[in-house]
Asker: 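Dropping a structure here in structure tokens format, bear with me for questions.
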Amino acid sequence: MDLESAARELYALLPGEFTAARNAKAKEAAQAGDKALAARLRSLSKPTAAAWLLNMMAVHRRDEINGVIELGAAMSQAQQELDPRQMRALGDQRRGLLSAMASGGRQLADELGHSVSPAVVTEVEQTLRAAMSDPAAGAALASGLLTASFASTGLDPVDLDGIVAVPEAVGSPAPASAAPTRRGTKTPARDELAERRAAKADRAAKQEAEEAERRRRLARAEVEKAERRKDDAEAQEQKVLDKLDQLQNRRDALSDELSELKKRIEELTREVAATDRTIEAAEEDLVSAARTADRTRKAAAAAKRELDQQV
């Protein structure tokens, strides 16, 4: 079992099944001796209703999700080329696609036996719109491992911190294909503007990558701290379990000893009762013997007196 495959199994389940299945997999990993994997599995967050539906769309409506990402790339290309006609056409296409996918998402939820509310459908549509505006967000959506929905301001990159359950499972987004050059539509000034836009985009991408790396380092540090705390807690838990086992064994031994003592007490009680009865019988025998002895003493005394009289 590895983290990514286990996570994909978990995030393909119905929301109500997630927690128990996650805990079972973490326990299985711990029993196999892979404490690091067990810790990562335990840390996986249950997806929100919207994130669950988006994950299901990534699994069951893959072509449509790819269409969202491709449309986003086409719109980005149109913006770079300052093509208002193409941007208007793609905008209309986006509105139609988002509406159709929101409706299809609700239908998919019904088919999977977990209906969602209109508010959840709205979150799904916002996330799909954000995925069109940011290639990294599109890659996160396509991963099928979302823990929450996300949105875009349209200006800044989408904040994906903590949004993907297994960040390392998300591949780098493929670069948008260059659109064919239309003869006679570009001028040197326009080429220079495109170059400046490209340079600005490169700088923004570099800054985003640096920021993402910083967040990853912070996240790794937090994971390491959490694992150390977890190891300490597990060690303390084991000590308590060992102490509990010792006390339980001691209690069992005392219980066995008490049972033996109770049996011995019952045996001794029976022996005392039998001895009491023997004593009573002996006392009766003593009374009888005393009476017999008294009679024989009296008879002997009478015989002696008679003998004395004859002499």
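Values below: every heavy atom of this structure, side chains too, minus hydrogens, waters and symmetry copies. Since the model is a prediction, treat every value here as computed from it, not as a measurement.
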Asker: Which pair of heavy atoms, one from Ala148 and one from Ile163, lies closest together, and at what distance?
Answerer: O-CG2, 3.7 Å
Asker: Step through the shown structure and confirm whether more than 12 heavy atoms of other residues, nucleotides or ligands are within 6.0 Å of CD on Glu271.
Answerer: yes
Asker: Report the distance from atom CD of Glu111 to atom CE of Met56, rounding to the nearest 0.5 Å.
Answerer: 13.0 Å
Asker: Report the C-alpha distance between Arg264 and Glu267 in whole Å, list the side-chain angles of each, state the deciding distance to 0.1 Å, and finish with yes or no for salt bridge (Lys or Arg N to Asp or Glu O under 4.0 Å).
Answerer: CA-CA 5 Å; Arg264 182 58 180 158; Glu267 292 174 357; 3.3 Å; yes
Asker: Keeping Ser143 on the side-chain end and Ala140 on the backbone end, is there a donor-acceptor pair under 3.5 Å?
Answerer: yes
Asker: Can any side-chain N or O of Ser288 pair as donor or acceptor with the backbone N or O of Glu284 at less than 3.5 Å?
Answerer: no
Asker: Mind checking whether Glu9 and Leu13 have side chains closer than 4.5 Å, heavy atoms only?
Answerer: no
Asker: Nearest heavy-atom pair of Ala142 and Arg62: which atoms, and what distance?
Answerer: O-NH1, 2.5 Å
Asker: Once you round to the nearest 0.5 Å, how far does CG of Leu54 lie from OG1 of Thr147?
Answerer: 11.0 Å
Asker: Is there side-chain contact between Val164 and Leu146, with heavy atoms separated by less than 4.5 Å?
Answerer: yes
Asker: Do Asn55 and Val59 touch side chain to side chain, with heavy atoms closer than 4.5 Å?
Answerer: no
Asker: So which atom in Glu123 and which in Ser149 form the shortest heavy-atom distance, rounded to 0.1 Å?
Answerer: OE1-OG, 2.7 Å
Asker: So, for Arg42 and Ala26, which heavy atoms are closest and what is the spacing to 0.1 Å?
Answerer: CG-CB, 3.4 Å
Asker: Determine, stepwise, if the pair Asp294 / Arg297 fulfils salt bridge (Lys or Arg N to Asp or Glu O under 4.0 Å).
Answerer: CA-CA 5 Å; Asp294 184 58; Arg297 282 195 297 271; 3.7 Å; yes
Asker: Do Leu3 and Glu168 touch side chain to side chain, with heavy atoms closer than 4.5 Å?
Answerer: yes
Asker: Hey, does Ser152 have a side-chain heavy atom less than 4.5 Å from the side chain of Arg129?
Answerer: no
Asker: In the structure I gave you, are the side-chain heavy atoms of Val120 and Ser117 within less than 4.5 Å of one another anywhere?
Answerer: yes
Asker: How close do Ala137 and Ala131 get, counting heavy atoms only, and between which atoms?
Answerer: CB-CA, 3.9 Å
Asker: Please examine the side chains of Met132 and Leu98, heavy atoms only from C-beta on, and report whether any two atoms are closer than 4.5 Å.
Answerer: yes
Asker: Scan residues 89-106 for pairs that pass side chain to side chain donor-acceptor pair (under 3.5 Å), counting only residues two or more places apart or in two chains.
Answerer: Asp92-Arg95
Asker: Charged N to carboxylate O below 4.0 Å: is that the case for Asp308 and Arg305?
Answerer: no
Asker: Which pair of non-hydrogen atoms, one from Leu112 and one from Trp52, has the smallest distance, and what is that distance?
Answerer: CD1-CZ2, 4.0 Å
Asker: CG/Leu108 to CE/Met101 distance, rounded to the nearest 0.5 angstrom?
Answerer: 10.0 Å
Asker: Can you tell if the side chain of Val166 reaches within under 4.5 Å of the side chain of Tyr11, non-hydrogen atoms only?
Answerer: no
Asker: Are Leu97 and Leu128 connected in the hydrophobic side-chain network, where two residues link if heavy atoms are under 4.5 Å apart?
Answerer: yes
Asker: So how far is it from Leu41 CG to Arg22 CZ, rounded to the nearest 0.5 Å?
Answerer: 9.5 Å
Asker: Would the distance check show the side chain of Ser76 and the main-chain N or O of Gly72 forming a donor-acceptor pair, the cut-off being under 3.5 Å?
Answerer: no
Asker: Roughly how far, to the nearest 0.5 Å, is CG of Leu37 from CZ of Arg40?
Answerer: 8.5 Å
Asker: Between atom CG of Leu141 and atom CD1 of Ile65, what is the distance when rounded to the nearest 0.5 Å?
Answerer: 4.0 Å
Asker: Among residues at least two apart in sequence or on other chains, which ones pass side chain to side chain donor-acceptor pair (under 3.5 Å) with Ser115?
Answerer: Asp110
